[in-house]
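Below is one structure, written out as structure tokens; comments come after it.
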Amino acid sequence: MANKPKVATCSLAGCFGCHMSLLDIDDRILKLVELVEFDRSPINDIKRIEGRCAIGIIEGGCCTEDNVHVLEHFREHCDVLVSTGDCATMGGIPALRNTIPLRECLEEAYLKGPSVYNPSGRLPGDPEIPLMLDKVYPCHEVVKIDYHLPGCPPSADAIWETLVALLSGKPLSLPYGLIKYD
Amino acid sequence: MSAQDAAKLSFTIDGKEVKAEPGQTILQAAALAGIYIPHLCAMKGLSPWGSCRVCTVLVNGKPQAACTMPVAEGMIVENDTAELKDLRSSIVEMLFVEGNHFCMFCEKSGNCELQAMGYRLGMLQPRHDYMFPTRQVDASHPDVMLDHNRCILCARCIRASKELDGKNVFQFIHRGAHKRIGVDAAGGAGGTNLAVTDKAAEACPVGCIVKKRVGFAVPIGQRLYDTKPIGSHIEAGRAAKE
Ligand code: SF4
Ligand code: SF4
Ligand code: SF4
């Protein structure tokens, strides 16, 4: 079908748990591929968004420069962005570092930690490695986000309800029990 | 009409007539009438405090804290309106961003009144930016832990310690944005006479004061607010039997 709306997904500073939860919609995934076509996503390994997307599903917050670039790329090419999971909506587990200065985090990880073996005594500085931001930012503090779906991860039902509402143009109202912060 | 009914005064909440005894607060009278007014710092058995403002209602058109405002004959109270819901949500959202609330690993999750209030009010995302403040954890007590990252400064522990336990374990220290719960000993809660059986160790609505070695005992799906919103027991008319 030529006119199926496109959906793109990405994992920024996340653990892929939210993508696992998306796959957890079980056999509804067959219905989903009837309704939409997947553009860039870790599921198909397409790296750049190829056409205009109706929905962009963002897992993870922004921890590095690269996360910001990917998020901006999604904002540019998607009509609607959904922050999916606590990492995207509030920083999540990676944001635990936000109360510790970045240098201290890096020194603990690469120089001072009890199990560190690093004879060069240097912090990684290869240009191939994305530069870390001073702290982890929830997505909506970087670009405009249209919908928020908290949870770690949000349940498959919550993701499904959201996608169905967005694809059918109905207002999104999650029943009690589908809004979770844990 | 019985003599007792005659002694009662009457007012309305969202157009529904409510009978009350003089001296009751709006919050108390509403609960006994099966009407839930969302609240966090108010707790049954403790003196009214009026600091969190989640229980804000309109009394004859003016915003008032239902937990401290006494009932009066003929007053017109608005509670369940879109505007008040939004105001309450904005307060809850502020409480989320000014602390560090990582619900995904908090032992209070599922039984937490702040989280449950977010669920009930349909909060998907605070409208304010997260502050990620630096807060301390006090694990010095053998049986109780204090994680200040999750404190919402409701003073329930202060009141419970004083009014119910006859102790003075907790007090506020510092002011404004630096306000914290302090304990009555230099080295942390471990130096106080706080006992794990104290009412103060039960009074915390969030995961700031938690008992050690009992976390995560109840499986997900069976916790207090997993399937039923906070306030359901009041709306089911069970407040009077408590
Ligand atoms: S929200 Fe939870 S499940 Fe989703 S990416 Fe973050 S840590 Fe993983
Ligand atoms: S105290 Fe409540 S809101 Fe805060 S992290 Fe724990 S469960 Fe979440
Ligand atoms: S420790 Fe708990 S009970 Fe005490 S003020 Fe903080 S949130 Fe309230």
Side-chain angles (χ1 to χ4, degrees), chain A residues 14-15 17-18 21 58 61-62 81-102 104 133-142 144-155 157-158 161-162 165 171-182, chain B residues 89 92-93 95-137 147-150 206-207 215-216 218-232 235:
Chain A
C15 77
C18 289
S21 198
I58 314 289
C62 288
L81 287 189
V82 187
S83 258
T84 307
D86 288 339
C87 291
T89 63
M90 56 79 67
I93 299 286
L96 276 172
R97 80 160 161 95
N98 284 6
T99 59
I100 303 161
L102 178 58
E104 251 177 71
L133 304 179
D134 62 333
K135 58 174 191 163
V136 178
Y137 292 87
C139 292
H140 68 281
E141 292 183 18
V142 178
K144 183 185 186 308
I145 296 290
D146 304 283
Y147 293 92
H148 292 92
L149 198 53
C152 185
S155 67
D157 286 341
E161 292 290 326
T162 304
L172 173 62
S173 134
L174 293 173
Y176 190 85
L178 288 194
I179 300 177
K180 290 276 180 235
Y181 311 148
D182 64 356
Chain B
S89 186
V92 169
E93 291 163 33
L95 293 172
F96 267 96
V97 300
E98 74 155 19
N100 294 308
H101 293 275
F102 292 90
C103 295
M104 65 293 281
F105 62 76
C106 176
E107 54 266 64
K108 192 78 172 187
S109 194
N111 301 310
C112 167
E113 292 178 36
L114 176 68
Q115 184 191 62
M117 202 59 76
Y119 293 166
R120 181 169 175 126
L121 297 170
M123 181 194 99
L124 294 169
Q125 175 62 48
R127 67 195 78 177
H128 323 280
D129 284 358
Y130 285 93
M131 294 169 73
F132 296 114
T134 305
R135 302 261 189 94
Q136 302 304 316
V137 174
D147 186 341
H148 293 278
N149 289 289
R150 304 164 183 160
V206 292
F216 310 109
V218 182
I220 292 174
Q222 292 170 32
R223 301 169 304 180
L224 213 48
Y225 305 118
D226 275 337
T227 52
K228 272 194 238 123
I230 187 168
S232 297
E235 286 163 327

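First the proteins, then the strands, lettered A, B, ... as listed; each starts at 1. Predicted, not measured: the structure shown is a model, and the values here were computed from it.
- At a 4.5 Å heavy-atom cutoff, the contact between B:Tyr225 and chain A is made by backbone and side-chain atoms alike.
- For the atom pair B:Leu124 CG and A:Ile145 CD1, the distance stands at 13.0 Å (nearest 0.5 Å).
- When the side-chain hydrogen bond (donor to acceptor under 3.5 Å, both in side chains) test is applied to B:Arg135, no partner is found at least two apart in sequence or on another chain.
- A search for side-chain hydrogen bond (donor to acceptor under 3.5 Å, both in side chains) contacts involving B:Tyr119 returns B:Gln115, not counting sequence neighbours.
- Expressed to the nearest 0.5 Å, how far CD of B:Gln125 lies from SG of A:Cys139 amounts to 9.5 Å.
- With a threshold of 4.5 angstrom between heavy atoms, B:Asn149 does not approach chain A through any atom at all.
- The distance from the OG1 atom of A:Thr99 to the CD atom of B:Gln136 is 9.5 Å, given to the nearest 0.5 Å.
- How far OG of B:Ser232 is from OH of A:Tyr176: 7.0 Å, rounded to the nearest 0.5 Å.
- Here the closest non-hydrogen pair linking A:Asp182 and B:Gly110 is OD2-N, 4.5 Å.
- For residues 91-98 of chain A, a heavy-atom distance under 4.5 Å to chain B picks out A:Gly92, A:Ile93, A:Ala95, A:Leu96, A:Asn98, given by residue number.
- Considering only heavy-atom pairs separated by less than 4.5 Å from chain B, the leading option among A:Pro150, A:Pro138, A:Cys152, A:Gly151 is A:Pro150.
- By the ring-ring contact (aromatic ring centres under 6.0 Å, His included) test, A:Tyr137 pairs with no residue at all, sequence neighbours left out.
- Only the side chain of A:Lys135 comes within contact range of chain B, with heavy atoms under 4.5 Å apart.
- The choice from B:His101, B:Arg120, B:Arg223 that makes the most heavy-atom pairs within less than 4.5 Å of chain A is B:Arg223.
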- request: Start with the C-alpha gap between B:Met123 and A:Ile179, add the side-chain angles, then the distance that decides, and say whether side chain to side chain contact (heavy atoms under 4.5 Å, CB included) holds.
  value: CA-CA 8 Å; B:Met123 181 194 99; A:Ile179 300 177; over 6 Å; no

